[in-house]
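Shown next, in structure tokens, is the structure this report addresses.
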Number of protein chains: 2
Amino acid sequence: MYTNGRAQEPSARETVYAKLKEQILNLELAPGTALSEKESSLVLGVSRTPVRESFVRLAQEGLVQVLPQRGTFVSLIDPALVEEARFMREHLERAVVRLACAHFPDAHLHALEDNLALQLKSIEREDDRRLFELDEAYHRILFDGCGKLNTWRAIGQMNVHLNRSRMLRLVADRHWQHLYEQHDTIFRAVKAGDADRAERVMQEHLLLGVRDLAHLMDKYPHYFISGGDGKP
Amino acid sequence: MYTNGRAQEPSARETVYAKLKEQILNLELAPGTALSEKESSLVLGVSRTPVRESFVRLAQEGLVQVLPQRGTFVSLIDPALVEEARFMREHLERAVVRLACAHFPDAHLHALEDNLALQLKSIEREDDRRLFELDEAYHRILFDGCGKLNTWRAIGQMNVHLNRSRMLRLVADRHWQHLYEQHDTIFRAVKAGDADRAERVMQEHLLLGVRDLAHLMDKYPHYFISGGDGKP
DNA sequence: CCTACCATACTTGTATGGTAGTGTGGTAGG
DNA sequence: CCTACCACACTACCATACAAGTATGGTAGG
């Protein structure tokens with residue numbers, strides 16, 4: 001019994017799905033890019049079936065758009081979705097951070113603290129991708145500590161759209177220090193149980209994510225809906 | 001050109017997906033029920049492929065659980081998921097109804113009014129399924145009128161779990177009049193722009209959906225996680 | 001030169017066969 | 001009677017073949 005019972009090797013579908021999703025979120029597969037079941041299957045070394053099933057999943061998340069008998073395309077960024085993702089996060093995270101101020105497990109508090117330390121390291125190294133991951137993890141810990149992990153997962157499906165625009169912004173603008181300070185302030189407010197302060201900073205923090213969206217739409221018009229037709 | 005250009009006949013996958021999802025939400029396919037690609041394909045008169053792809057979609061929504069090489073099962077109702085769905089709706093719908101009080105299009109206001117009239121009709125006819133649909137439509141109109149339709153859709157993925165427990169409750173308990181009165185009160189508060197009142201009633205309204213959850217878990221233990229093992 | 005048509009090379013949708021892993025019931029052995 | 005084993009039926013996973021719709025480039029006709 002040397003193969004651990006829980007350590008199932010991931011299915012082809014899962015690996016393909018994860019790979020494609022990562023590439024879309026990283027903008028390695030730019031919005032509007034044409035995909036094809038056959039081509040992806042060749043590139044990834046599997047048959048069309050797992051690729052196709054990944055497309056189904058990605059389509060349900062709104063990351064790709066499948067046009068029958070015509071093709072599959074990486075979805076253009078929809079500004080409405082970005083804004084609504086911010087809207088959802090604003091109201092849900094404000095509520096969660098208030099909960100956290102009332103009661104938050106020590107283990108999760110330590111996790112936040114460790115996370116913040118790693119954020120500093122990433123800023124020193126100018127490792128933006130890593131900082132991005134840590135940012136996600138930070139907020140996840142907040143939800144987890146309040147027993148609202150499923151809520152975080154539900155947000156996730158909208159969040160991918162917000163994250164694509166944030167990734168776009170990451171290239172040009174670098175405001176890491178500000179981001180860290182907000183995270184740190186929220187952490188200390190939670191620790192001190194200062195709900196009003198935590199909620200206020202959280203709201204500001206989430207506004208940061210959509211700042212300059214209009215500027216981005218101007219700079220990369222063909223990445224957005226009704227900016228270009230998407231097929232260059 | 002008698003076949004309308006927009007009226008694409010739905011794909012097999014779409015019809016299979018819709019059918020299965022409806023049956024799961026109606027509890028015609030009870031939580032814990034074993035499914036199988038082959039059996040479903042025979043019943044629905046299609047091949048295994050569209051069935052399989054429907055399973056993938058349903059699995060992503062958490063409505064079924066696929067265990068490789070073992071089987072596919074209708075998910076048990078997770079009380080944590082139900083509660084978090086309520087949590088999400090509470091905070092998002094409170095925010096939305098406040099927006100609605102500040103500004104709400106006349107067309108949507110009329111739609112709410114019509115919807116309420118139909119609710120009354122459904123209550124007279126004791127048509128619970130129809131009332132359930134109208135309830136969903138009512139809240140959807142609220143989000144739509146505030147330009148937050150995508151947010152409603154995102155809620156939808158959590159909402160299915162809440163709705164299954166509500167459907168379970170519908171069988172035994174019938175509190176339709178109360179539900180209608182709350183809808184009507186919210187409508188009038190929106191019309192009058194009374195945000196505080198609207199928000200308060202909305203919060204109460206959403207609490208109604210999870211009342212007696214413990215009672216339901218007691219009555220149908222094998223429908224819930226850790227109530228029974230799910231495979232009777 | 002311009003237009004209409006059509007062969008062709010794509011695309012996704014569906015069906016089916018083979019593979020590997022899993023649960024189960026019957027059976028041989030203690 | 002109880003236990004260990006094993007053949008078998010069943011599952012989902014993946015690969016592949018076929019079908020049907022779509023965009024495109026070349027060509028024949030005006």
Side-chain angles (χ1 to χ4, degrees), chain A residues 1-20 24 29 32-75 229-232, chain B residues 1-20 24 29 32-75 229-232:
Chain A
M1 207 194 283
Y2 58 94
T3 58
N4 188 298
R6 300 295 173 197
Q8 298 278 19
E9 72 179 27
S11 65
R13 178 173 72 216
E14 202 62 32
T15 58
V16 168
Y17 168 75
K19 189 87 179 172
L20 289 175
I24 292 174
L29 289 173
T33 304
L35 298 177
S36 133
E37 296 177 1
K38 189 164 191 175
E39 187 193 336
S40 296
S41 71
L42 289 176
V43 171
L44 299 171
V46 296
S47 82
R48 276 182 53 208
T49 303
V51 172
R52 181 174 170 73
E53 290 169 359
S54 296
F55 282 8
V56 169
R57 292 182 66 180
L58 293 169
Q60 192 166 14
E61 295 182 301
L63 288 177
V64 306
Q65 193 171 3
V66 178
L67 289 78
Q69 272 64 2
R70 297 179 50 150
T72 302
F73 304 88
V74 177
S75 296
D229 61 12
K231 300 173 202 169
Chain B
M1 207 193 285
Y2 58 92
T3 59
N4 188 300
R6 300 295 173 197
Q8 296 279 21
E9 71 180 26
S11 66
R13 177 173 74 218
E14 202 61 33
T15 58
V16 167
Y17 168 75
K19 189 87 179 173
L20 289 175
I24 293 174
L29 289 173
T33 304
L35 297 177
S36 125
E37 295 177 2
K38 190 163 191 174
E39 186 192 338
S40 295
S41 71
L42 290 176
V43 170
L44 300 172
V46 295
S47 81
R48 285 171 9 232
T49 303
V51 172
R52 180 175 169 72
E53 290 170 358
S54 296
F55 282 6
V56 169
R57 294 183 64 181
L58 293 169
Q60 191 164 15
E61 295 182 302
L63 287 176
V64 306
Q65 194 170 2
V66 178
L67 290 79
Q69 272 58 310
R70 299 177 49 150
T72 301
F73 303 88
V74 178
S75 296
D229 59 13
K231 301 172 201 170

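Chain letters run A, B, ... following the sequence lines, proteins first and then strands; every chain starts at 1. Hydrogens, waters and symmetry mates play no part in the numbers below; they use all other heavy atoms, side chains included.
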Notebook entry, point to check: Just by modelled atom types, is the A:A12 backbone N or O under 3.5 Å from a matching donor or acceptor in the A:T15 side chain?
Noted result: yes

Margin query: Any side-chain to backbone donor/acceptor pair from B:S75 onto B:G62? Under 3.5 Å, distance only.
Written below: yes

Next item on the list: Would you mind reporting whether A:F73 and A:V66 have side-chain heavy atoms less than 4.5 Å apart?
Entry: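 Not touching, per the 4.5 Å side-chain cut-off.
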
Note to self: For a 4.5 angstrom cut-off between non-hydrogen side-chain atoms, does A:L63 reach A:V74?
What the structure shows: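 A side-chain contact under 4.5 Å is absent here.
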
Contact list (N/O, under 3.5 angstrom) for nucleotides 9-11 of chain C vs protein:
| from | atom 1 | to | atom 2 | distance (Å) |
| --- | --- | --- | --- | --- |
| C:dT11 | OP1 | A:S36 | OG | 3.2 |

Mind listing the N/O atom pairs, protein and nucleotides 17-19 of chain C, below 3.5 Å?
| from | atom 1 | to | atom 2 | distance (Å) |
| --- | --- | --- | --- | --- |
| C:dG17 | O6 | B:R48 | NH2 | 2.3 |

Item checked: Whether over 12 other heavy atoms sit under 6.0 Å from A:Q65 CD -> no

How many Å lie between [atom1] on [X] and [atom2] on [N], as a whole number?
X: A:R13; N: D:dC14; atom1: CZ; atom2: P; answer: 7 Å
X: A:F55; N: C:dG13; atom1: CZ; atom2: P; answer: 10 Å
X: B:L44; N: C:dT14; atom1: CG; atom2: C1'; answer: 15 Å
X: A:R52; N: D:dC13; atom1: CZ; atom2: P; answer: 16 Å
X: A:E14; N: D:dC14; atom1: CD; atom2: C1'; answer: 15 Å
X: A:E53; N: C:dT12; atom1: CD; atom2: C1'; answer: 14 Å

Next item on the list: Name the pairing partner of D:dT22, where a pair is Watson-Crick or G-U wobble with both distances under 3.5 Å, or state none.
Entry: C:dA9

Check: Considering every strand shown, what is the Watson-Crick or G-U wobble mate of D:dT27 when both distances are under 3.5 Å?
Finding: C:dA4

Margin query: Looking at A:R57 and B:E53, is any side-chain nitrogen of the basic one under 4.0 Å from a carboxylate oxygen of the acidic one?
Written below: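 No, B:E53 and A:R57 are not salt-bridged.
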
Check: What does A:S11 touch in the nucleic acid at a heavy-atom separation under 4.0 angstrom: a base, only the sugar-phosphate, or nothing?
Finding: sugar-phosphate

Which atom names give the shortest non-hydrogen contact between [X] and [Y], and what distance separates them?
X: B:V56; Y: A:R13; result: CG2-NH1, 3.6 Å
X: B:S54; Y: B:V16; result: OG-CG1, 3.4 Å
X: A:F55; Y: A:V64; result: O-CG2, 3.8 Å

Notebook entry, point to check: Is A:S47 near enough to D:dA15 that one of its side-chain N or O atoms lies under 4.0 angstrom from OP1 or OP2?
Noted result: yes

